[in-house]
Structure formats: C-alpha cells, structure tokens
There are 2 protein chains.
Amino acid sequence: MAIAAKTKSSSQKAVDELRELIFSGELPAGSDHLETELAEMLGMSRTPVRDATLILASQGLLEVRPRKGVRILSLSAKDMHEIYEVLTELESLSAARAAEKNYSPEDLAALAKTVTDMDAALAREDRTSWAKADEAFHKELVRLGGNTRTAAIVENFNDQVRRARALTLKIRPMPHQSSKDHGALFDAISRGDAKAAHQIHWDHRDTARKLITGLLEQLGLRHF
Amino acid sequence: MAIAAKTKSSSQKAVDELRELIFSGELPAGSDHLETELAEMLGMSRTPVRDATLILASQGLLEVRPRKGVRILSLSAKDMHEIYEVLTELESLSAARAAEKNYSPEDLAALAKTVTDMDAALAREDRTSWAKADEAFHKELVRLGGNTRTAAIVENFNDQVRRARALTLKIRPMPHQSSKDHGALFDAISRGDAKAAHQIHWDHRDTARKLITGLLEQLGLRHF
DNA sequence: GCATTTTTTTATGTATACATTAAAAAAGAC
DNA sequence: GTCTTTTTTAATGTATACATAAAAAAATGC
C-alpha cells in the first residue's frame, strides 16, 4: 500500500477506526454494513468511507458488496490453513535469511529484547504482554530477513488472523514451548545457522497453527 | 481484492485501462500524473479515477503522492530480488503441494496443455506465444497447489515484474532449458514426488531470476 | 395462492461544487 | 543576489447533488 500521505485525512481516520472496530469484534465477522451506515458511525460523508473500504478490501479485511453491504470477512478453517501455510513459509525463509546475514549482537538487540520481554511476561503469567512481545518478535524477525515485501505480506496476514489469535490467547496453555522455540531460533540466527533457523521456525509455526485451529474447533467455531 | 461488483463500472474501467497503459509502457515507470490528467485521459471524472488509483496502489503498481502526482512505480534491482525471492518460495511450495495431492492425469490436463503449447511455440521460435504459455503454466501450477492466497500473491507479483519480463523476452536466449525444466516439473508432479518438484522449480525460478536481472543490467537499466 | 409485470424505493456510482492545504510565485528585507 | 515572508494558485480531500441500477414492494393476471 504505497500511499505517501503526510497528514491524517478523514479517509485515513476511517481506515484506522474501521480496523479497530474489526479487530475488537465490534464490527463482527460476517456482519454487513451499508456505506451510509458506516459514514454515520464515523461522522463523515460517504467519500472518505468509500476510500477506506477500498483500502480495507485490498487488505482482505472486508468485502465490498454493492447494495448488500460491506461485509466484514470471517475466516474459515480453510482460510486459516492457507494463511498459516504462507506465514510459515515466508517467516521461515526470513529466519534463514537473517541467519545468513551474520548479524552482530547490536543488530540483534531489538530481537533479543522481544525474547526478554516474552520471558518476563511469561514469568508474570501476563498473557496480553506476552502476545504483544510475541508479535514484536515475529515482526522483527521478518524485518531482519531483509525483504520488505515479505514483511508486508506477513504483516497483512497477521492482521487477518488477529481476531482468531485474540480469541485463543485467553484459553491456550501458557506458551512455555513457544518461548523455548523463540530462544532456540534466536541462538540459531546468532550463530548464523540458516538451516536450523529455518527448521526451528517452521516447526514452531506449524505447532502454533495446529494449536490455534484446534482451539477454534473446540470452541465450535466454523467461521470467525 | 474482494470487490463483488457484477457490472463494469467506470472505476473498474479505469483500473483496467490504467493497468494496460502501465504494462505497455505508455505510462512509463517513474512518470508522474495528476488525478485530473488521468481523468481527462480516461474521459471520466476524478471520482472513479481516484478509486482506481487506490486499487492500483494496493497492487503495488503505482504510488499515490498527493500534489506531486500519481507515480508509476519502477523496479530497482533490489525490488526484483525481493519479488523473485517471494515468487520462488511460494511457487516452489505450490509445486510441492501439487505433487503431494497425487492428481489424476485429468486433473493435470490443463497444466499438460501449457507445456505442449510452450513446446510448440518454441519449435516455431515464437517468443510471444511461448511467454503466454509460460505464464499460463505458472498460473496453473499455483492453482494446483491449492492455496488461493498464494495464487493471489503470485499473480500480483507477476504483474509487478510484467514490464521487465516483456523487456527481456525479445533479447533473452531461446528458452530451451526453461522448457526442459517445465517438463521435468510436470513429471515430478505426476509421479507425486514433492521433494523433486520443489527442487526443480526452485532451481528453475532461481535461474530465471539471474537471467532477467543479468539482461536488465546489460541494458544498463537501474530502474524499469 | 402463486407467478409475472410494473412501480417505487433506495443504495451505489459518478459528477460537480466547495473546503483545505501544499506548492509556486511574488514581494519585501538585507 | 539571497533569504524570508506573504500572497496566489492549484491539487487534493470532502461534501453534496444527481444519475443509474438493483432490490423491494405493489399491482395485475390466471
């Protein structure tokens, strides 16, 4: 999304607010909303709302259906499978690329901090802080991989599964194994072991996918 | 891009026409165009043009720069590297997944046809037809991989490199090795050999990237 | 009662007018 | 001549009016 806007327009406000409403569940998955309804909700005319819905449609968060309403997209099990397949592949590639670059400890400081933050949150049994640090870990990992397009895809797909992750965060087991994986991955990257980095991360993401989809199934959710 | 429009609106026309102008080079990489200019060019008001530029910006084909003009995005060598890194990874994943599915010969008929078409075009030394069949091969390959999101990403990235490929098509060596690779990949998928399918395709894409970037360098092009 | 046709309503697509603001040009100061 | 400030111009953001067309409601026919 290459918009080089400098100030916050109504369109951008609409994007931000709609995103927030979607991620919080206030605009539930599967719900339909007319342009005029959203315009009233956001306190602006239809024009910037239309801009925003086009942008959010391109991000895969909603579907513009003329005369039937803008539908907030829900995810099926198949969607989850597809998203995680791509996430797993591209993040693992980033992990391998990061390891190949032989980063200095300084270069890896931000990644190290996220690992430390996750461990601290885990010790406190603070799931929310842990999730935040976890997200920062994955984002930094992909940045270290050095491909901005990979980073953009991963970020977008993480947005798409944001609700599912929030849903499962409270009920999943405490993420001890996840933290072990992160530590091991950090070590592999530090010592420049691309093959190990790729494998560790691939297994880590695969495990996470199974956990999340399993929990969603337990909750009896076909779409979310 | 989840627009469920049924009829062709001016906005959609604008998207289609601007795409064509970009791919043909009529709107050259690096050129800037005001909204009003594009609206006049396309014979419509600014409103649908604005819709179209938002959509094309999300496709990575242009950048909306308020007051400076809509810039048709050019690609640097780094861009090419990033795009091909993602394409290689995701297409190879698709090849492996396709092999795992143990498709019947019927299932693989469309893919087989693209291979046949490529061979026929190659025998005639018809580069244009070969390129068309090549594109169809890659598209069908990704479809057979079964992940619609992968297919969408791959299609979008192929759009982004479309001009570069067109530029190099006329000057590259006749693609004999490429056709061999396609045949070998088809065989690997047919016999369900995921590992081989992945490897063959990875090597194939890697070779293609080197060829294209090498030719662009020969042409002395830093951006295209 | 059901199917078809016609009319009405309404949501979106589009054009245009107006508001905002960034950039260019002009004026002033040294 | 250069730098700063002010004014003007024009490009984009936004609101609103109008056009179009899809959906809903009403009317008609059997």
Side-chain angles (χ1 to χ4, degrees), chain A residues 1-22 26-73, chain B residues 1-22 26-73:
Chain A
M1 178 50 91
I3 301 224
K6 290 182 181 173
T7 62
K8 196 154 180 183
S9 57
S10 292
S11 295
Q12 188 57 50
K13 277 184 199 147
V15 169
D16 295 343
E17 286 178 37
L18 286 175
R19 278 170 66 91
E20 187 51 44
L21 292 171
I22 290 167
E26 214 163 320
L27 289 184
S31 60
D32 298 321
H33 307 277
L34 298 182
E35 256 183 29
T36 46
E37 179 192 338
L38 295 178
E40 198 170 318
M41 188 186 299
L42 299 176
M44 59 184 75
S45 76
R46 278 170 52 219
T47 314
V49 168
R50 182 168 176 76
D51 282 359
T53 58
L54 284 179
I55 288 165
L56 293 173
S58 77
Q59 291 176 6
L61 295 180
L62 54 82
E63 178 184 5
V64 176
R65 305 180 324 146
R67 316 197 68 86
K68 294 184 180 164
V70 169
R71 172 162 290 180
I72 309 302
L73 285 175
Chain B
M1 176 52 86
I3 301 222
K6 289 184 183 171
T7 63
K8 196 156 182 185
S9 57
S10 292
S11 295
Q12 189 57 52
K13 277 184 197 144
V15 169
D16 295 342
E17 286 179 37
L18 287 174
R19 278 170 67 90
E20 187 51 47
L21 293 170
I22 290 168
E26 216 166 315
L27 289 184
S31 60
D32 298 321
H33 308 277
L34 298 182
E35 257 183 28
T36 47
E37 180 192 337
L38 295 177
E40 200 171 315
M41 188 186 300
L42 299 176
M44 60 185 73
S45 75
R46 277 169 53 218
T47 314
V49 168
R50 183 170 176 75
D51 282 359
T53 57
L54 285 179
I55 289 165
L56 294 173
S58 77
Q59 292 177 3
L61 295 179
L62 53 82
E63 180 184 6
V64 176
R65 304 179 325 146
R67 315 194 70 86
K68 294 184 181 167
V70 168
R71 172 161 291 178
I72 307 304
L73 285 174

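Lettering follows sequence order; numbering is per chain, from 1.
Within a 6.0 Å radius of CD in Glu40(B), no more than 12 heavy atoms belonging to other residues, nucleotides or ligands are found.
When the P atom of dT10(C) is taken as reference, atom CZ of Arg65(A) falls 20 Å away, rounded to whole Å. Atom CD in Glu40(A) sits roughly 14 Å away from atom C1' in dA11(C) (whole-Å rounding). Rounded to an integer number of Å, the gap from Lys13(A) NZ to dA15(D) P is 10 Å. A straight line from CG of Asp32(A) to P of dA23(D) spans 13 Å, rounded to a whole angstrom. The nearest whole Å value for the distance from the CE atom in Met44(B) to the P atom in dC18(D) is 23 Å. In this structure, Gln12(A) places its CD atom 16 Å from P of dT21(C), rounding to the nearest Å. Here dA15(C) presents its C1' atom at 15 Å from CZ of Arg50(B), a figure rounded to the nearest Å. Going from atom CD of Glu63(A) over to atom C1' of dT12(C) covers 16 Å, rounded to whole Å.
In this structure, His33(B) and Ile72(B) have side chains that are in contact, with non-hydrogen atoms separated by less than 4.5 Å.
Residue Ser10(A) is classed as a sugar-phosphate contact, given heavy-atom separations below 4.0 Å to backbone atoms only.
You'll find that the side chain of Ser45(B) is closest to dT14(C), out of dT14(C), dT14(D), dG13(C).
A side-chain hydrogen bond (donor to acceptor under 3.5 Å, both in side chains) with Asp16(A) holds for exactly one of Arg19(A), Gln12(A), Lys13(A); it is Gln12(A).
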Find every protein N or O atom lying less than 3.5 Å from an N or O atom of nucleotides 5-11 of chain D, and list the pairs.
from, atom 1, to, atom 2, distance (Å)
dA10(D), N3, Arg67(B), NH2, 3.1
dA11(D), N3, Arg67(B), NH1, 2.6
dA11(D), N3, Arg67(B), NH2, 3.4

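Neither OP1 nor OP2 of dT12(D) sits under 4.0 Å from any side-chain N or O of Ser9(A).
Mapping Asp51(B) and Arg46(B) onto DNA chain C by nearest heavy atom places Asp51(B) at the nucleotide closer to the 5' end.
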